[in-house]
Amino acid sequence: MKILKATSLLLVCSAAAVGADSGSISGKILTAAGAGAPVPKAPVEAKSLATQAIQTVRTAADGSYELSSLPPGAYEITVKNVPFFLPFHQTGVQVMAGKTTRLDIHLDDLTLNTLGDGGVEFAYLLSDKRAPSGPTPRAGDGKPDLSGIWQSSLAEPVGDPPELLPSAAAIARRWRESNEPPPTTLCLPGGIATESVSEYQIVQTPHLVVIVDGGFNPTRMIYLDGREHPQNYNPSWMGHSVGRWDGDTLVVDTVGFNELGRLGIFLGGLSQDAPRTEKLHVTERFRRPDLGHLEVETTYDDPGAYKKPFNTRYVKALAAKDAEILEYVCAENERDVRHLSAR
């Protein structure tokens, strides 16, 4: 059974001083799973039922928000497009002049608040991670040294959102209607699109950059020795990657993907049902602007599934010096597949 919306916790009015002719709505956005972890960066929208005027704010690091200077009346409150979480919708929320309406919300996550990976973990992915400060380290050849263990983050859309072609939209709809699980649910790789949400380690040499993924994906090789892509490369989950330096930016070109992976929920603006084809061409730009941060801007160009290329960006924070990438064996003690309705 699918959950259509999350649950509001509290709806009360207080006599806070918010202005004689206007009111406000404030509260916190929390996870429904676990003890209620704060959900940061969630867009909270208030639409006046009388004028259709809209005001939107984003939650702070502690999940709090405030919609202020609202004319008195009834409002429709919506929280949507929060990666990993189902949308929330409530209508008829009353605002009175000079008072604050309190509305706390618990968001249901995509795993339906089950144990294991769920709301608390997803909220962590949305949060800003602590990072050390200092100048960008340099390798022996003078290039920025991207080496290090980089914490999980979340890719956000840049520019226009992706648009599926009718054929790809039909595939996505079929997967959705049949409840077809994504590859990661079956202990298969997630592909480049999942790298932002994984903690990974970069090992850099003058002729090769290695990305060791701490979760979904096999180790990835990025060749910097001037080679080109093979003429008849066997399509794979991660594709074939070659790189070059453009000033202080490492530009990585990847082709040779199979059609088994998905460009899904880990990319802002896409659902977990979004397909990819063997025509997919990915261009990444890696920058290390300082000691503690890694910025990655990615262009996805797949004329077999999307109307035009689209872009995403994520920023990772450097992990502590004593951090290590632990062994990850998805199928070890695996107990999920037997419960999947599509199986």
Side-chain angles (χ1 to χ4, degrees), residues 34 37 40 61 83-84 111 115-141 143-155 182-224 236-239 241 243 250 252 254 261 265-266 284-296 298 313-336:
F84 309 110
T111 61
L115 296 175
D117 292 340
V120 176
E121 290 79 7
F122 297 154
Y124 173 75
L125 291 176
L126 292 167
S127 65
D128 293 321
K129 313 299 189 301
R130 292 184 178 181
S133 60
T136 302
R138 299 276 170 174
D141 57 4
K143 300 298 183 184
D145 189 354
L146 307 181
S147 299
I149 293 180
W150 299 98
Q151 300 181 64
S152 58
S153 62
L154 187 68
T184 51
T185 304
L186 304 175
C187 287
L188 294 170
I192 288 179
T194 65
E195 283 188 338
S196 70
V197 299
S198 295
E199 185 173 71
Y200 62 59
Q201 182 169 6
I202 292 181
V203 180
Q204 179 177 326
T205 74
H207 301 297
L208 180 68
V209 168
V210 179
I211 298 181
V212 182
D213 196 294
F216 302 105
N217 297 317
T219 298
R220 181 180 171 203
M221 306 292 185
I222 301 172
Y223 299 100
L224 307 180
S236 65
W237 288 93
M238 303 301 294
S241 298
L250 177 62
V252 179
T254 306
I265 192 168
F266 304 113
E284 299 159 284
R285 300 179 67 86
F286 290 81
R287 293 182 61 253
R288 189 172 187 174
D290 53 37
L291 173 64
H293 295 92
L294 180 72
E295 300 176 353
V296 183
T298 307
R313 178 180 182 270
Y314 66 83
V315 179
K316 287 182 176 289
L318 184 66
K321 289 184 178 180
D322 60 351
E324 297 182 0
I325 293 293
L326 302 178
E327 180 180 73
Y328 178 81
V329 182
C330 178
E332 185 176 16
N333 199 32
E334 191 282 314
R335 301 186 181 191
D336 285 339

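Along the sequence shown, residues carry numbers from 1.
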Study note, to complete from the structure: What one should report as the nearest heavy-atom pair of S133 and L291 is O-CD2, 3.3 Å
Check your understanding: Roughly how far, to the nearest 0.5 Å, is CD of E295 from CZ of R288?
Key -> 12.0 Å
Practice item. Output, in order, the C-alpha distance, side-chain angles, deciding distance and verdict of side-chain contact (heavy atoms from CB on, under 4.5 Å) for L208 and L224. Key: CA-CA 5 Å; L208 180 68; L224 307 180; 5.9 Å; no
Check your understanding: Rounded to the nearest 0.5 Å, how far apart are CG of L146 and CG of L294?
Key -> 6.0 Å
Point to revise | Separation of E195 CD from K316 NZ (nearest 0.5 Å) | key: 8.0 Å
**Study point:** Residue pair A317 / A131: nearest heavy atoms and the distance that separates them
**Key:** CB-CB, 3.7 Å
Check your understanding: Is there a side-chain contact (heavy atoms from CB on, under 4.5 Å) between R285 and V296 once you walk through the steps?
Key -> CA-CA 6 Å; R285 300 179 67 86; V296 183; over 6 Å; no
Practice item. Check D141 against K143 and note the closest heavy-atom contact, atom names and distance. Key: OD1-N, 3.1 Å
Point to revise | More than 12 heavy atoms from other groups under 6.0 Å of CZ on R138 | key: yes
Point to revise | CZ-CG distance between F216 and L188, expressed to the nearest 0.5 angstrom | key: 12.0 Å
Check your understanding: Does Q204 use its side chain to pair, donor to acceptor, with the backbone of P144 at less than 3.5 Å?
Key -> yes
Review point. Do side-chain atoms of S241 reach the backbone of I222 as a donor and acceptor pair under 3.5 angstrom?
Key: no
Review point. Which pair of non-hydrogen atoms, one from M238 and one from G191, has the smallest distance, and what is that distance?
Key: SD-CA, 3.7 Å
Point to revise | Flag side-chain contact, heavy atom, 4.5 Å: I149 against L318 | key: no
Point to revise | Polar side chain donor-acceptor pair, D213 to S198, under 3.5 angstrom | key: yes
Review point. Does the side chain of Y314 reach to within under 4.5 Å of the side chain of L154, using non-hydrogen atoms?
Key: no
Practice item. Grab the two heavy atoms, one from P289 and one from H293, that are nearest each other, plus how far apart they are. Key: CD-O, 3.4 Å
